[in-house]
Structures are given as C-alpha cells and as structure tokens.
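Have a look at the structure below before the remarks.
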Amino acid sequence: MKIARFTVHDKVSTGVLDDHKVKEITGDIFGDWEYTGASFSENEIKLLAPIEPNQVIGIGANYVAKVEDIPNELPEIPVFFFKSTSSVIGPEDKIVIPDRIDQVKFESELAVVIGKEAKNVPESEVLDYVFGYTVGNDVTAPQFFHEDGHWTIGKSFDTFTPLGPVVVTDLDPSSVYVQANLNGNEKQNSSTELMIIPIRKMISYLTTVMTLKPGDVILTGSPVGAELVGEGDVIECEIKQIGTLRNTFAASRKTANNY
C-alpha cells in the first residue's frame, strides 16, 4: 500500500495511491482509518511530505562502496544525529541554500517510518514496529558543522529534509537500491546490502536509548556518491519500489550567522 499526503482545493488530505488515483482516507494511519469515498487523479493534487514526523533521526557514514569493505566489528556506539522537524518538505518543494554559502550536499536515503511505540526491541522483532518506508534526502551544509563534531546546525536548516513521494507499507528493505540523479546524471546507486549497520540493528539499538513513537522517521544513511550542489541544480532521489523524490536547490533570501 502507498500512503500519500496531498493538497487538493486548498485542503490537506491523506490517501492511498492506487493506479494513478489517490483515494482519500480519514482516521489514524497507524491505527483505524477508512475511505471517505473521494478520489482524485494525480494531476489534480500536489503531493506533500507523506508523513509529519514526531522526530527525525539520521545515522552517519553508514555505507561502503563494496561488500568486502563492511567491517568485521561494528562501532559500539553508532553516530546518530537529530534533524529538526521544520526541515521536512515534500516533492517538488525548493531546497533553500543558507545565506553566506553557495553549495550544500544532497544525500539520498531510505527512510523508515515507525508505526508503533518501540522500546528495547530485539533485532528479530524490529520490522514488526515499522509502518513503512519512504525516500529521504538528508541535505547537509558541512560548512556549519562544529569543529568538535556537532552536526545539528548543518543538518537542520529549514527545507533540509525532503521526504516522499509516498510511504510504502509492504517493502522488503534488505536489498533495495538507493539512487540519486543530479541534473539527469546518476550519482548514487547502491543496494542497502552495503549498509555498515543494518536497519534491524540500528533501530534495535535506538530503542535501547529512547522510546520510538508512531510517526518517527529514521534516515538510514546515504550511499557513496553524494556531492555538493548549488542554486538551480535538480536532485532526484529514487528507490524504484517507492518512487522518485524530486527537488530543486534555490538561493536563500534570509541570513544565517556562521559562528
């Protein structure tokens, strides 16, 4: 099933995408919901980010170039970071490059959407707590990273977390390909088999630290090939089983201080 959020006639709605039509639903997507009877063609609607996250958590440096490079010993404490919920945008929205810099970095990723409260979940049960999967772009301004390794500012500018186009609920995440095309040229194309810390392990670890809630989004890392880009560049992040998340980079009209 493909879950979408969209606007039509100035109203924000949720629906199920099926055969190029969106069937509107009402209720709790993580619990009980039903169809309203209304449906719309894809050209009648504007897709939004398919989820409004409670929190967005990312993992750093989680891909290798080839299977042989996966380390035998995994890090005892993985590098996780938070992104602001205000950074979330949807398909075709502009990614705004902060003032005083000319370039930011795209990072195409598989994003996991949590479906029910999860605490101290063993790896073998992790996928029972997953609602679905979407495509994420972990946009980054490394110029704003703190010299001591603090990433929050460089990851959290408004518009820095495009998500979409839909949440797919029936996906096997173990061997999908995470791709990115910049201005029509392929830059990333790697299987999730190349993750250093697999999805089950990363989510299980997180639940030993914090309680995950329905609607939390976890960005699972970006394959090799991410690049710095500038105003006017068009990035298409794609996972074929989910769809293509397309956004254009734009220059800022506001100021951010770079301390």
Is there a donor-acceptor pair closer than 3.5 Å between any side-chain N or O of [X] and the backbone N or O of [Y]?
X	Y	result
E236	E186	no
N247	G90	yes
N54	P214	yes
T169	G132	no
N62	I197	yes
K83	F160	yes
E109	G136	no
S87	S84	yes
S108	Q179	yes

message: Test of understanding: with side-chain hydrogen bond (donor to acceptor under 3.5 Å, both in side chains), list the residues that count as partners of D102, not counting sequence neighbours.
response: none
message: Tell me every residue that passes side-chain hydrogen bond (donor to acceptor under 3.5 Å, both in side chains) with S124, counting only those two or more places apart in sequence or in another chain.
response: none
Do the side chains of [Y] and [X] get nearer than 4.5 Å, heavy atoms only?
X	Y	result
I235	N137	yes
I218	M202	yes
V135	T244	no
V22	V16	no
I203	V121	no
E34	T36	no
V104	P98	yes
L219	I59	no

Tell me whether [X] shares a hydrophobic cluster with [Y], the cluster being built from Ile, Leu, Val, Met, Phe, Trp, Tyr side chains joined at under 4.5 Å.
X	Y	answer
V113	I29	yes
L127	V168	yes
L245	I89	no
V217	L171	no
V56	M210	no

query: Which residues satisfy the ring-ring contact (aromatic ring centres under 6.0 Å, His included) test with F82, sequence neighbours excluded?
result: none
Partner residues of F6 under the ring-ring contact (aromatic ring centres under 6.0 Å, His included) criterion, sequence neighbours left out: F40
May I ask you to decide whether [X] forms a salt bridge with [Y], counting only side-chain N to carboxylate O separations under 4.0 Å?
X	Y	answer
E24	K11	yes
K23	D18	yes
K21	E42	no
E125	R200	no
K94	D158	no

task: Enumerate the residue pairs fulfilling salt bridge (Lys or Arg N to Asp or Glu O under 4.0 Å) with a member in residues 212-231, sequence neighbours excluded, ordered by first and then second residue.
output: K187-E227
message: Using side chain to side chain donor-acceptor pair (under 3.5 Å), reason through T140 and E107 one step at a time and then give a plain yes or no.
response: CA-CA 8 Å; T140 303; E107 297 184 21; 3.3 Å; yes
For [X], all residues meeting side-chain contact (heavy atoms from CB on, under 4.5 Å), sequence neighbours excluded:
X	answer
K119	T211
T192	Y63, L110, V176, V178, M195
T208	N120, Y205
D233	L182, N183, V229, F249

field: Smallest separation among heavy atoms of S174 and D172, with atom names
entry: OG-OD1, 2.8 Å
task: Could you list all the ring-ring contact (aromatic ring centres under 6.0 Å, His included) pairs where at least one residue sits in residues 107-140, not counting sequence neighbours?
output: F30-F131
- request: Could you tell me whether the side chains of Q55 and T85 share a donor-acceptor contact shorter than 3.5 Å?
  value: no
- request: Classify the angle between the aromatic ring planes of F157 and F144 as parallel (below 30°), tilted (30 to 60°) or perpendicular (above 60°).
  value: perpendicular
Indicate every side-chain donor-acceptor pair of residues 66-76 with a distance under 3.5 Å to a residue at least two apart or in another chain.
residue : atom : partner : partner atom : Å
K66     : NZ   : D69     : OD2          : 3.2

message: Run the salt bridge (charged side-chain N to carboxylate O under 4.0 Å, His left out) test on E92 and K46 for me, step by step, so that the C-alpha distance in whole Å, both residues' side-chain angles and the decisive distance to 0.1 Å come before the verdict.
response: CA-CA 9 Å; E92 301 295 341; K46 179 190 183 321; over 6 Å; no
statement: Across all chains, not counting sequence neighbours, the salt bridge (Lys or Arg N to Asp or Glu O under 4.0 Å) partners of E193 are none
